[in-house]
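Please read these numbers as outputs of a predicted model, since none were measured by experiment. Labels below follow one simple rule: chain letters A, B, ... track the order of the sequence lines, proteins then strands, and each chain is numbered from 1. The figures here come from the full heavy-atom set of this structure, side chains too, leaving out hydrogens, waters and symmetry mates.
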Amino acid sequence: MASADLQSERDPNRNIDAFAAASPHPILITLRRLAGRVVAIVTTLLGLLFLTFSMGRLLPADPVLAITGAEVSKEVYDRVYRELGLDQPIWMQFLTYVRNVATGDLGRSTTTGQPILSDLLTIFPATIELALVAMVVGIVVGVPLGIIAAVRRGSIIDHIVRILALAGHSIPIFWTGLMALFIFYAKLRLVGASGRIDVFYEGLVTPVTGFLLIDSALQGQWEVFRNALSHIILPGSILGYYSVAYISRMSRSFMLEQLGQEYILTAKAKGLGRRQVVWRHAFRNIRVQLLTIMALTFGGLLEGAVLIETVFGWPGLGQYLTRGLQMNDMNVVMGAVLTIGAVFLTINMISDVLYRILDPRTR
Amino acid sequence: MTIPIEQTNRSEPGGFRQWLLAPEPEGLFQSSVQQFYQGWLKFRLHPLGLVGLAVIILLILVAVAAPVLTQYDPIVQDMASRLAPPSAEHWLGTDNFGRDVFARIIYGARTTLYIIILVTVIVAPIGLLIGTCSGYFGGVVDEILMRITDIFLSFPGLVLALGFAAALGPGITNAIIAISLTAWPPIARLARAETLSLRNADFIAAVRLQGASSMAIITRHILPMCIPSVIVRVTLNMAGIIITAAGLGFLGLGAQPPWPEWGAMAATGREFMLDSPWVIAAPGIAIALVSLAFNLVGDALRDVLDPRGGE
Amino acid sequence: MLKNLFATLAVTAAMFTALPSWAASPPNMLVIGTNLTGIRTLDPAQNNARTVSELISNLYDNLVQLSPDDLQTLKPMLATEWKVSEDGKLITLTLRDDAVFQSGNKVTAEDAAWSIQRVIKMGQVGSTDIALWGFTPENVDQLVRAKDDHTLEIELPQPVSSDLVLYSLAGSSIGIVDKKTAMSHEANGDFGGAWLSANSAGSGPFTLAQWRPNDVAIFNAQPDYWGGKPEMARVVARHIPESGNLRLQLEAGDVDVGHYLASGDLDALSKSEDIVIDSVPGLGFYYVALNQKDPDLQKPKVREAFQHAFDWKAIADNIMRYTGFPWQSMIPRGMIGAPTEVVDRYNYDPAKAKQLLAEAGYPNGLKKVLNPSGAPTLPFAEALQASARAAGIELDLVPGEFTPAFRERKYEVLLGNSGARLPDPFAVATQYAYNPDNSDEARLGSYYLWRTAMKVDELNGLVDQSMKERDTAKRTEIFKKIDTIYGGMNSPLMIFFQRTDPYVMRANVKGYQGHTTWSTRWHDVTKE
């Protein structure tokens with residue numbers, strides 16, 4: 001996925017350096033760093049808002065008609081036009097937008113009639129659940145593959161892992177999804193169809209966390225649990241495959257770096273078994289790096305989810321966004337893009353922080 | 001390009017090969033050609049990279065020679081023979097309008113190439129300019145430009161492209177603009193890093209002492225030096241661009257009908273997937289193949305440029 | 001790649017060896033796979049589209065109803081009988097006394113009167129049909145009134161064929177709402193509209209159990225329904241926009257009834273023994289609209305050229321096989337005044353089209369932007385684009401959702417489909433042949449002729465007449481005349497196909513009958 005490449009571009013230290021170039025006192029340094037950090041976050045958030053705002057203004061939908069419907073008299077049209085602040089200068093409109101977002105007001109969807117925020121709250125768990133399953137698949141498959149590839153560098157396994165990873169970056173996810181649906185649902189009948197659950201299990205579980213798997217397990221509805229699992233397994237695995245591609249590559253590279261270190265050679269010289277060297281020593285040292293990679297992968301999964309949800313009819317953020325696009329539902333597009341951007345940003349910050357706290361070299 | 005070319009006599013004794021391998025290059029042009037040649041010598045050793053390169057060359061040839069390769073028109077409909085399975089007559093079958101799928105794949109290569117080239121042409125100069133300015137001037141300019149870059153990087157590429165493609169309306173030009181919006185930041189980052197390493201180089205200082213303006217220094221001296229690595233970087237991103245373009249096409253935001261575009265072809269094929277799988281299989285494989293080719297080349301390039309050999 | 005997929009699947013399969021149970025939908029539950037996009041509310045007064053009409057028709061009873069196999073004869077529902085005064089200006093309906101709302105309140109004439117007043121006063125799309133008779137927010141309280149608990153009087157503000165009025169009462173928008181319950185949830189003078197968007201307060205055979213926009217609507221049977229307890233304890237309308245998915249679920253028996261399947265999937269399903277496809281003729285057409293605000297398209301010769309630029313026969317047997325049949329008259333098949341057989345008004349003749357264009361001053365052809373009204377009409381638009389190219393018309397096809405642009409007259413050439421609920425040619429005539437005020441400010445977006453920016457006074461007069469005339473023979477003549485004028489004027493709205501709505505059912509589902517006016521009722525549905 002494209003984002004994987006973008007992520008490797010990101011340099012976590014850059015933001016700080018610019019502000020902490022030449023500071024005398026340690027406390028001052030910390031303060032400045034903190035200030036720099038806050039400024040960085042705020043400006044990025046504002047930029048995010050500006051991008052979504054300009055997207056909304058560019059969309060070919062008339063925001064007034066979206067509210068009033070097409071059969072509207074001139075007077076009503078003008079009144080709503082003013083109420084929406086469309087007669088204000090563009091920067092005022094932007095400020096209003098920022099203020100509204102800050103208070104949680106993302107407008108109303110013109111196709112569902114619901115406030116965007118409540119729509120987002122209902123659908124977001126579906127996407128998170130899907131991404132988490134994908135994440136599990138990615139880690140369970142990706143990390144061991146990458147490590148084996150590193151340990152047996154140059155072997156057949158290494159090449160296979162490499163090809164698999166490259167294929168993951170190359171095959172369009174929507175196509176994989178459709179083909180998988182064709183094979184595993186249409187032909188083999190191994191998994192459930194589109195959506196999160198079969199219709200007749202609908203309404204048996206009371207939403208608590210919003211995650212169907214957890215809710216059904218907590219309430220002891222094992223039939224529902226199994227059904228939900230059969231629905232999530234295919235999109236989750238496919239999305240997971242794309243993170244396998246990234247995770248396996250990164251863990252291979254981290255592992256290779258460790259395996260070349262002095263202490264490994266020493267350990268080997270001491271006669272420790274290969275298994276012990278790899279898992280006891282080398283793996284321990286790449287755990288932190290892996291953690292940050294996983295955080296970044298999670299952001300990338302959101303991107304894959306947009307397409308995979310469309311293919312699998314998954315009622316999550318991705319489907320919400322693409323439907324908004326197709327129906328010219330401006331507020332939906334703005335809200336969904338903003339959410340994805342904000343989640344992406346948060347995850348990047350968390351991974352930054354994790355890296356700083358946990359990595360002995362930056363401490 | 002504005003590389004100051006110092007004329008060299010290629011027919012001097014020893015010939016071209018010796019010129020390429022001369023231990024002391026006589027000027028920038030020879031040295032960059034030499035660098036390139038050295039790279040090629042290393043690249044040659046990567047069989048997968050070569051395969052990728054071959055596929056890319058094939059793509060270009062196919063796109064150029066499309067009318068020769070097929071007798072069918074990619075857009076003329078023939079309802080009588082719609083959804084025909086692959087046969088000697090229609091190698092990859094026909095689609096729901098009776099159009100030859102093979103012909104549409106072949107002509108679709110043109111669309112893909114068109115997207116790639118235009119995105120490169122848009123993205124490289126913008127990225128270069130922003131990156132070099134940011135790196136050269138430093139300070140507030142750097143802070144502002146890099147903050148903007150960060151903002152664009154803080155979105156998943158596809159989502160941003162999707163939003164803008166929708167905002168601008170469907171159509172291939174708008175898709176290209178939308179993709180470009182998401183593709184320039186890595187270039188800018190790279191150009192900035194290169195510029196930082198060049199900024200205090202002796203020859204730049206010399207030019208500055210001669211009284212050259214900042215703009216002249218950037219465009220004449222720094223920018224050309226960044227071009228090779230930018231080209232490599234763009235190649236590395238190419239697969240991502242193709243995938244994003246296909247994603248946009250799939251969601252109906254790419255090329256408009258009837259022009260063949262692989263992502264859009266896959267989207268229409270989905271309706272007939274169960275009974276006529278060739279309509280969707282062919283474009284999917286085409287996208288995967290080309291994107292994989294770029295990834296293979298990129299992978300090999302990375303090895304060439306990063307001798308540590310990690311990734 | 002596949003290898004890895006298998007690997008991941010193997011891992012998960014090992015963890016959970018028991019894979020899904022393939023249970024078909026239970027015998028007392030009806031699962032409908034449909035498209036819920038764009039349904040914002042389940043308030044009868046705020047809707048007039050197809051899917052939502054069906055949902056509402058099962059939550060709310062109407063005063064009268066039309067059975068799916070006989071669209072001319074009104075049948076009792078909440079009203080057991082009705083009579084029209086001599087002069088045709090007063091309709092008196094007698095309501096049954098055993099009907100109860102889901103709240104337990106009795107259905108009274110006051111509820112009925114209020115429901116009609118509400119529709120008019122709210123002025124939303126639900127009022128499209130009934131407002132035609134001249135009801136306004138100012139006069140409706142006087143004209144529609146409860147005489148006593150069981151007697152409703154509807155006085156007509158102008159002479160109108162009383163059949164038309166009664167037909168409009170059978171439309172889903174005039175579902176009778178529980179006044180007390182709705183008003184107890186009123187906010188900001190919305191007549192309970194906000195609350196009713198996600199709740200039901202009707203006397204119908206079903207009640208709304210759950211509503212998630214764009215996802216699912218769940219209905220529970222009302223055991224005390226006056227017409228008897230429905231066989232189905234539960235009906236689920238699930239949003240399955242992907243035709244391929246819907247087809248697979250129909251084949252597997254997960255879904256019992258499917259709406260909006262694509263032509264390819266319908267072809268495949270038609271071969272299955274477990275599946276029945278019922279193509280229900282609809283009161284609307286597939287048309288090509290030419291915006292008369294465009295100086296090129298204004299020329300009659302250009303409009304005529306378009307008539308011969310579309311190879312519609314080529315798609316009749318494939319793309320349109322289940323969604324429409326060739327029909328180029330403005331009066332739907334089988335209605336009064338309709339031709340008895342198919343008329344070929346527009347034959348495909350690219351040479352003639354080219355020549356007409358040349359005569360109109362475009363010897364080198366014409367270039368215009370073509371929009372489909374939405375995704376479902378896109379294949380149709382692609383076919384038009386290809387055949388128009390041969391006729392010298394270069395159509396730049398820009399896909400997307402263009403119905404709003406059409407309503408705003410912001411387009412050049414548009415391809416769309418229409419529908420109506422009133423089973424009388426008058427309904428179609430108002431859409432296609434009526435435009436009393438062609439100014440932009442009039443915003444008469446519900447009249448398609450206004451959307452194409454054309455006004456024909458003679459047609460306006462005839463359509464008005466057809467509404468007021470009470471004699472069927474005379475009305476038949478009027479509609480024939482409208483159609484003749486329409487066919488000869490190079491209309492900017494070219495009708496190519498009459499719409500049909502394919503309803504796909506599992507063979508074991510009985511009693512589900514797709515309704516031309518979209519008010520399919522589930523009360524009598526059984527499963528074998």
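- Contacts of Ser263(C) with chain B are made by both backbone and side-chain atoms, with heavy-atom separations under 4.5 Å.
- The two atoms that bring Arg389(C) and Pro258(B) nearest to each other are NH2-CG, 3.6 Å, heavy atoms only.
- Asp344(C) CG: more than 12 foreign heavy atoms inside a 6.0 Å radius.
- Rounding to the nearest 0.5 Å gives a distance of 4.0 Å between CZ of Arg82(B) and CG of Asn318(C).
- Contacts between residues 269-291 of chain B and chain C, defined by a heavy-atom separation under 4.5 Å, are made by Arg270(B), Glu271(B), Phe272(B), Leu274(B), Asp275(B).
- Judged as a side-chain contact (heavy atoms from CB on, under 4.5 Å), and not counting sequence neighbours, the contacts of Thr111(B) are Ile115(B), Ile172(B), Ala255(B), Glu261(B).
- Neither the backbone nor the side chain of Ala390(C) comes within less than 4.5 Å of any heavy atom of chain B.
- Expressed to the nearest 0.5 Å, how far CG of Asn96(B) lies from CD1 of Ile319(C) amounts to 6.5 Å.
- Using a 4.5 Å cut-off between heavy atoms, Glu382(C) contacts chain B through both its backbone and its side chain.
- Using a distance-only test at 3.5 Å, with no hydrogens or angles considered, a donor-acceptor pair links the side chain of Gln256(B) to the main chain of Leu397(C).
- The shortest non-hydrogen separation linking Pro257(B) to Pro399(C) is CD-CG, 4.0 Å.
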